[in-house]
Amino acid sequence: MLTNNKAIILPEVMMKLSGKTKEKIQKTSIRSRIFLAMIVVSIGIISVLGSVIYGYSRKVIESNYQSIHLSSLQIASNVIELQLNNDADQARSMLNDETFKTLFMDEKTGTKTFGNNKVIMERALLKYSSSNNDIRDILVVNNAGNLSFVSKYDLNRSSVNEYYSSENILERSWVSDAIDANGKEVFYGENVLFSEEDKDDADKSFSMVKEMIDPDTQKVMGFLVFNIRKSSLSATTGTHDEGYSTGRYMILDKKHRSETGYPTVVYSTDSVESLKKIMDSYTGHDTGNHYLFTTYENKVSGWDMVNVVDKKDLSGTTKYIGLMIAVLCLAMVGLSAYLSYRISKSLTYRLGRLERTIQQVSDGNYDIEEVFDNSEVGKIGNQFKKMVNSNHELNDKLLKTKLKERESELLLLQTQINPHFLYNTLDALYFMAVIHCEEEIAEMVHALSDTFRLSLNRGEKFITVSDEINRLKAYMKVQSFRYKDRFSLILNIDEEIMNRKIMVFIIQPLVENAFYHGLEPKIGKGWIKVGGIRRNGRFVFTVEDNGVGMEDVSAALKGYGLKNIEERIELYYGKEYGLKISSTKGKGTIVTVVVPEEAEEACLSGDED
């Protein structure tokens, strides 16, 4: 229970501490916040940069070390290839020695020696071993199991006695490897004939095994083993005093592993027992990554030429670089602290001037005399001055607008009287025409009265599509009296939109424009087609005529009438709506109007309010 209570109390304490820290930060000045923020960011950037440079310098040192020693390993490998090729050439020369071949192919049954030819065979083998100082032991065995062994050390003879007694030497694994190599020399990192664990490193050997194939008949005669001194490899690695106490050279046989599971150590500048940690790291058993390895593969033997050094031994140079980086980072932190102080002071000085200006305006003094520069804070100050001046101008315009609004209200009262007078006058003319039996005049006056009444629309900004169509009919009736039915109006309006509302003076001005600019200059009769549909949440109206048409459509949009309609549609509905004109000279013009259905519904709800 006590532990649970502590677990609950600890987060609460941390939250309180963080809250207090947040309050302290909020109470500090902007200058202090900027200064601290710049210091923290600078230290963070410098630390990361220093770490990256330090890490990169270590990589460069390691890479240079590997590059240098790779060249040394290549040279050592070339020397070893020369030695091994010389040993292989000596083995091949035995295949061309007719005396040796005759003795070797004389298979004896019931014995594991060459019988009466035993001494002669040993003399032949000693001839080859004495001609090459690196070859210590030679063993040959033919297909019948007859074998012969010679050595420069008499004590080694007893090590192969088991092959003369009970064990069948042809069943050893190295024989299978030689068969698989099909006459090519196979190199082992250790002695394949007998163990040398009790011997000093200087007395140890490695083996070269070869399947002996008669070059004339291509028949397998038997097998050959050369035991070659490992000490012959010491000269290939050169001197080891390179300034690194942990630097070592090794030759590893990765194809043939020892009983420990590690690659067989063919040669090493240190004892095999002292290499355990290195071999663990080389084989991946130790993931500590303490050593740096440089490897080159010998083409003849398949062995790895390896140079290894403890990474701590390379750190002497990197420590010096790290110290220099640390000193440089401290100097950069000091410089960044000074620059942060100067920059924060400069910023807060400009902010202070801006604060005084704002306070001056809040006190009612709108005559700003402060001059700001082109910095970010200065631009804010200049914008603030412009805003104050704009507010002055807007206040003046607002007063003038209110005065004009009062005048407009008075003018509206006056215009409300005039329509009644005009309606009464038109009604009087209509009845006089009826009394005098002037039916055409009566119809014309009645159509003019309807046109005028629908145009006024009781002062509303929106009109139903049906009222707009009625106004078009009345307008065309008046024009028919004038032009003696020369022009006709064709209507194609969907019934579903007849009761929907659109802005006033959209379609009728287009019809009027088509009449005067399209049909009137035309010779003969003409027509105007007005269409209206609802499509994808929009109302699409078209006004088409078969008049004279035009070449420059853009010039038509610059005219007062169409331009006024375009501006009013954009003002009420948005810039994505408006007019589209297509025309062909001598054939006619089509004007398309697109307005949104949703805006019409919004207007209806606004009118109800």
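No hydrogens, no waters, no symmetry mates; every other heavy atom, side chains included, goes into these values.
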Expected output: side-chain [X] to main-chain [Y] donor-acceptor under 3.5 Å:
X    : Y    : answer
D545 : G547 : yes
R568 : V504 : yes
R535 : V540 : no
S583 : M550 : yes

With sequence neighbours left out, what residues match [X] under side-chain contact (heavy atoms from CB on, under 4.5 Å)?
X    : value
I358 : L354, F384
I590 : E544, S582, T592
E297 : K254, D304
I43  : I39, S47, V333

Kindly give the heavy-atom pair with the smallest separation between [X] and [Y], and that separation in Å.
X    : Y    : value
L562 : L510 : CD2-CD2, 3.3 Å
M498 : I493 : SD-CG2, 3.4 Å
P509 : I565 : CB-CD1, 3.7 Å
Q508 : L472 : CA-CD2, 3.5 Å
P521 : Y516 : CD-O, 3.5 Å
G532 : F541 : CA-CD2, 3.8 Å

For the atom pair [atom1] ([X]) and [atom2] ([Y]), what is the distance rounded to the nearest 0.5 Å?
X    : Y    : atom1 : atom2 : answer
D494 : R500 : CG    : CZ    : 12.0 Å
D552 : K585 : CG    : NZ    : 11.0 Å
E567 : K563 : CD    : NZ    : 5.5 Å
T294 : Q74  : OG1   : CD    : 11.0 Å
I569 : M503 : CD1   : CE    : 6.5 Å
N546 : S488 : CG    : OG    : 8.0 Å

Test side-chain contact (heavy atoms from CB on, under 4.5 Å) applied to I502 and I507, step by step: CA-CA 10 Å; I502 59 174; I507 301 177; 3.9 Å; yes
Contact check, side chains of H517 and V548, non-hydrogen atoms, under 4.5 Å: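 No, their side chains stay 4.5 Å or more apart.
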Side-chain heavy-atom pair V595, V593 within 4.5 angstrom cut-off: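 A side-chain contact exists here, since the closest heavy-atom pair is under 4.5 Å.
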Test ring pair (Phe, Tyr, Trp, His ring centres under 6.0 Å) applied to F293 - qualifying residues, sequence neighbours left out: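 In terms of ring pair (Phe, Tyr, Trp, His ring centres under 6.0 Å), with neighbours along the sequence ignored, F293 is linked to Y282.
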Considering residues at least two apart in sequence or located in another chain, which fulfil the side chain to side chain donor-acceptor pair (under 3.5 Å) criterion with [X]?
X    : result
E520 : Y483
T295 : none
S466 : T464
T542 : none

Worked check of side-chain contact (heavy atoms from CB on, under 4.5 Å) between L292 and V308: CA-CA 6 Å; L292 180 67; V308 58; over 6 Å; no
Other residues, nucleotides, ligands: >12 heavy atoms within 6.0 Å of E576 CD: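 Yes, enclosed.
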K299, NZ atom: more than 12 neighbouring heavy atoms under 6.0 Å: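 Atom NZ in K299 is crowded, with more than 12 foreign heavy atoms closer than 6.0 Å.
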Test item: side-chain donor near acceptor, Y65 and N307, under 3.5 Å: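 Note: Y65 and N307 side chains meet the donor-acceptor criterion.
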NZ or CZ of K525 within 45° of W527 ring axis and under 6.0 Å: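 No cation-pi geometry.
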From CA spacing to verdict: side-chain contact (heavy atoms from CB on, under 4.5 Å), F539, Y577: CA-CA 10 Å; F539 295 147; Y577 303 100; over 6 Å; no
Qualifying residues under salt bridge (charged side-chain N to carboxylate O under 4.0 Å, His left out), relative to R534, sequence neighbours excluded: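 With neighbours one apart ignored, the set is E597.
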Test log, rule side-chain contact (heavy atoms from CB on, under 4.5 Å), inputs I490 and I528: CA-CA 6 Å; I490 303 171; I528 298 176; over 6 Å; no
Salt bridge R471-E468, side-chain N to carboxylate O under 4.0 Å: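 Salt bridge flag = yes for E468 with R471.
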